[in-house]
Protein chains: 2
Amino acid sequence: MLSNSVQDYLKALYEMGGESEMIGTGAVAARLAVTPASVTSMLQKLAASDAPLVHYKKHRGARLTDEGLGKALEILRHHRLVELFLHETLGFGWDEVHDQAEKLEHVISEELEDRIARQLGDPVVDPHGHPIPTKDGRMPVRHEKRLIDLPAATPARISRVADHDTEMLRYLGGLGLVLNARIEIVEKSPFDGPILVRIMDGDRVQALGRRVASQVHVMLDSATEMAAMPNHDNTNSDAGDSNA
Amino acid sequence: MLSNSVQDYLKALYEMGGESEMIGTGAVAARLAVTPASVTSMLQKLAASDAPLVHYKKHRGARLTDEGLGKALEILRHHRLVELFLHETLGFGWDEVHDQAEKLEHVISEELEDRIARQLGDPVVDPHGHPIPTKDGRMPVRHEKRLIDLPAATPARISRVADHDTEMLRYLGGLGLVLNARIEIVEKSPFDGPILVRIMDGDRVQALGRRVASQVHVMLDSATEMAAMPNHDNTNSDAGDSNA
DNA sequence: CTCTGTTTTTAGCCTTGCCTAAATCATAAA
DNA sequence: TTTATGATTTAGGCAAGGCTAAAAACAGAG
Ligand SMILES: [Mn+2]
Ligand SMILES: [Mn+2]
Ligand SMILES: [Mn+2]
Ligand SMILES: [Mn+2]
């Protein structure tokens, strides 16, 4: 069994770099709140075993092996199922589930994982719109873009929000910017100014800072059709910014 | 925060000796599957702090302080609430919940504890009939006796079963000897022989070995009245044999 | 190409919780 | 009262995962 620490390193590598990107020692250190020295020694250990969990090149960083990827997705599945379960079955708000799931993900047996998934009807996304890896270790692909990249006057739905910033989640929730809320951009102010968003449900217009807007992802209303088509954008499925 | 290990030691001391009994190093070692040497050093540490969790006398064993008792009951509350939750909400059998709860008990936040308790309607016993400590740290008293001590021809109900032996729980469940099943003893064979138990629901008679019968506790059908009366037996509320 | 600031690695140390082997203590039998 | 025996404690180590401080490698500016 992988220790909690090892699990956390694998998850961090996946969340920061997906399947292919090399991630530097310092970046991992910052995310896990440990020193770079600690990361170096852990990465060396993970790369050294006979079935290595990461590829590691001195001074160049690390990325997951297929082996490591599998483990990372397994943990992420636990995390996201637990988040949804806490939300759906126990009534926690979407801003309250992350920290608890961060602990529970490490102690969920396969049996419990299965029961939770079944009770929730084999869900595909967690309360923040993060896709839930499948039991056999694949990450569902979704075609979404950052709210900040959405053209003006294009109807869309909120499809994902970064989940580790409790404050921001509360703020967004208060504005009605919840999962699947229909919105469109009225105007983007120049010089990195705020973004004016129309919230269809209630027809209000709300100004959002750039920081927040880059944490929110949307799907075009036509995306359901697009999902059946070949993938033409080059972003990888889940990595790069999202959290757990 | 107390480490998982420390929590396990406190729980073991409570389960083995309750509030007052001194427990020897070797007994703790056997239960936790560590060496006596390890127990000695842990007990010394727990007794040394400025707010000691245990009283410890060299060569004489240890018992919980008030401080330690509070912590032990807190953990036990988590364990038993989780067991019941797994049973009631996720459909696990009573023989499947213990091991999972053993891990979850350490990572349940107060908030989650409260939600679980509320969802279950502030329950008083877990799936094995173990009383659930209250939020404010008291262990409910129940007036029960071991099946083995029940006089013949006295109607009673199964009120508790040791929970850590999966095999035995499956065996008992298969016989219909579940929680609250109505039974009475037909005959106790002499020379430590088996006990003949009539299972009212179905009116079958079943022979039980002494080993099993001493793990099962019962309440007299009149016990609800007795519960309101002063406690005349001198067994302490929960300690001595039960598990988690 | 060389210098310099930043990043990463190495070296050495610490804490927790466990272990084995060697004392030491307690107790019950002789 | 002595002795044997079992239980407990001490002494010394080990592995995991962290930290700090010093050394080394890289990368960008000149
Ligand atoms: Mn799993
Ligand atoms: Mn999430
Ligand atoms: Mn609690
Ligand atoms: Mn139980």
Side-chain angles (χ1 to χ4, degrees), chain A residues 1-14 16-17 21-64 67-68 71-72 75 102-103 105-107, chain B residues 1-14 16-17 21-64 67-68 71-72 75 102-103 105-107:
Chain A
M1 254 310 277
L2 303 178
S3 71
N4 283 19
S5 266
V6 168
Q7 291 182 37
D8 286 339
Y9 277 93
L10 296 179
K11 193 153 63 88
L13 286 176
Y14 180 79
M16 305 176 78
E21 196 181 333
M22 282 302 251
I23 303 296
T25 304
V28 176
R31 162 171 286 243
L32 295 181
V34 298
T35 61
S38 301
V39 174
T40 297
S41 89
M42 179 61 90
L43 292 180
Q44 288 172 339
K45 197 186 73 174
L46 296 181
S49 120
D50 34 328
L53 296 169
V54 308
H55 297 293
Y56 168 68
K57 284 278 189 242
K58 254 193 180 113
H59 296 280
R60 211 146 294 274
R63 69 183 167 81
L64 296 169
E67 190 78 10
K71 303 294 189 185
I75 301 156
E102 203 63 37
K103 295 175 166 187
E105 64 187 5
H106 302 299
V107 296
Chain B
M1 255 307 279
L2 303 178
S3 71
N4 283 18
S5 267
V6 168
Q7 292 182 37
D8 286 339
Y9 277 92
L10 297 179
K11 192 152 63 88
L13 285 175
Y14 181 79
M16 305 175 79
E21 196 181 332
M22 279 307 247
I23 303 297
T25 304
V28 176
R31 161 170 286 243
L32 295 181
V34 297
T35 61
S38 301
V39 174
T40 298
S41 87
M42 178 61 90
L43 292 180
Q44 287 171 339
K45 198 186 72 172
L46 295 180
S49 121
D50 35 327
L53 295 169
V54 307
H55 297 293
Y56 168 69
K57 285 277 190 243
K58 256 192 179 115
H59 295 279
R60 212 144 294 272
R63 68 182 166 82
L64 296 169
E67 191 78 10
K71 303 293 189 185
I75 302 156
E102 203 64 39
K103 294 175 167 187
E105 64 188 3
H106 302 298
V107 295

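Being a predicted model, the structure only gives us computed values, none of them experimental. Naming: A, B, ... by sequence-line order, numbering from 1 per chain.
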Participant: Is a side-chain N or O of E21(A) found less than 3.5 angstrom from the main chain of R63(A), in a donor-acceptor match?
Facilitator: no

Participant: Considering just the side-chain nitrogens and oxygens of T25(A), establish if one lies under 4.0 Å of OP1 or OP2 belonging to dT9(C).
Facilitator: yes

Participant: If I take atom CE in residue M22(A) and atom P in nucleotide dT8(C), what distance separates them, rounded to the nearest angstrom?
Facilitator: 12 Å

Participant: Quick one: is dT10(C) close enough that its OP1 or OP2 comes under 4.0 Å of any side-chain N or O from Q44(A)?
Facilitator: yes

Participant: Mind calculating the distance between NZ (K58(B)) and C1' (dA7(D)) to the nearest angstrom?
Facilitator: 15 Å

Participant: Rounded to whole Å, please give me the gap between NZ in K45(A) and C1' in dA16(D).
Facilitator: 6 Å

Participant: Can a side chain N or O of Y56(A) be found less than 4.0 Å away from OP1 or OP2 on dT9(C)?
Facilitator: yes

Participant: Go through dG17(C), dT8(C), dG17(D) for me and flag the one nearest to the S3(B) side chain.
Facilitator: dG17(C)

Participant: Measuring to OP1 and OP2 of dG18(D), would you say a side-chain N or O of T35(A) lies under 4.0 angstrom away?
Facilitator: no

Participant: Touch check for S5(A), heavy atoms < 4.0 angstrom, all strands: base, sugar-phosphate only, or nothing?
Facilitator: sugar-phosphate

Participant: Would you call I75(B) and D8(B) a side-chain contact if the rule is heavy atoms closer than 4.5 Å?
Facilitator: no

Participant: Rounding to an integer number of Å, can you tell me how far H59(B) NE2 sits from dA7(D) C1'?
Facilitator: 9 Å

Participant: Please determine if a side-chain N or O atom of S38(A) lies less than 4.0 Å away from the OP1 or OP2 oxygen of dG17(D).
Facilitator: no

Participant: Rounded to whole Å, please give me the gap between CG in L43(A) and C1' in dT7(C).
Facilitator: 14 Å

Participant: Just the rounded figure in Å: distance from P of dG18(D) to OH of Y9(A).
Facilitator: 4 Å

Participant: Which whole-number value in Å describes the distance from L32(B) CG to dG17(C) P?
Facilitator: 13 Å

Participant: For Q7(B) and L2(B), indicate whether the former's side chain and the latter's backbone hold a donor-acceptor pair under 3.5 Å.
Facilitator: yes

Participant: State whether the side chain of T40(B) and the backbone N or O of P36(B) hold a donor-acceptor pair below 3.5 Å, judged by distance alone.
Facilitator: yes

Participant: Quick one: R60(B) CZ to dT9(D) P, roughly how many Å, whole number?
Facilitator: 10 Å

Participant: Restricting to non-hydrogen atoms, name the atom on P52(A) and the atom on A47(A) that form the minimum distance, rounded to 0.1 Å.
Facilitator: CB-O, 3.5 Å

